[in-house]
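See structure below.
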Amino acid sequence: MALLMLVPVASQAGSCLAPIRPFVLSDSQAARDFADFIRRDFEVYITDVQDYFRCLEQERARAFEEAREVSLDYGRFLELVGD
């Protein structure tokens, strides 16, 4: 029974995935040839890393609230068992 109560909580946990760092070619001619693609990779990374930071902030807030609730639950449990 106790395990079943944990399943919904575990599924609510966020999953923030860090974006992949853009690759820059070391060959200057190749970098110029693919400048548009590389520039786009950097722009996508910047957008994705901002989303990642927002996700981390939301997950931190969610985990903090969950920890507060668990602390209250633990206090009620201790009262219940008389410790």
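Note: hydrogens, waters and symmetry copies are ignored here, and every other heavy atom, side chains too, is used. Sequence positions, counted from 1, serve as the residue numbers for this chain.
- Between E65 and R62 there is no salt bridge, since no side-chain nitrogen of the basic residue lies less than 4.0 Å from a carboxylate oxygen of the acidic one.
- Partners of R39 by side chain to side chain donor-acceptor pair (under 3.5 Å), not counting sequence neighbours, listed by chain and number: D36.
- Legend: residues meeting salt bridge (Lys or Arg N to Asp or Glu O under 4.0 Å) with R32, ordered by chain and number and at least two apart, are absent.
- Listed by chain and residue number, nothing satisfies the salt bridge (Lys or Arg N to Asp or Glu O under 4.0 Å) test with R21 (two or more places apart in sequence, or in another chain).
- For F64, there are no side chain to side chain contact (heavy atoms under 4.5 Å, CB included) partners, not counting sequence neighbours.
- Each of L17 and V49 belongs to its own hydrophobic cluster when Ile, Leu, Val, Met, Phe, Trp and Tyr are linked at side-chain heavy-atom distances under 4.5 angstrom.
- Clustering of Ile, Leu, Val, Met, Phe, Trp and Tyr side chains at separations under 4.5 Å leaves I20 isolated, with no partner residue.
- Within the structure, the salt bridge (charged side-chain N to carboxylate O under 4.0 Å, His left out) test picks out the following pairs touching residues 45-55 (sequence neighbours left out): D51-R54.
- A 4.5 Å side-chain heavy-atom check between R76 and D73 finds at least one atom pair inside the cut-off.
- Under the rule for a side chain to side chain donor-acceptor pair (under 3.5 Å), the partners of D33 that lie at least two apart in sequence or sit in another chain are Q29.
- Residue F37 is found in a hydrophobic cluster whose other members, listed by chain and number, are F23, V24, L25, F34, I38, F42; membership requires side-chain heavy atoms under 4.5 Å apart, directly or through intermediates.
- Follow the hydrophobic side-chain contacts under 4.5 Å out from F53 and you reach Y45 in the same cluster.
- Residues passing the salt bridge (Lys or Arg N to Asp or Glu O under 4.0 Å) test with D27, sequence neighbours excluded: none.
- Expressed to the nearest 0.5 Å, how far SG of C16 lies from CZ of R60 amounts to 13.0 Å.
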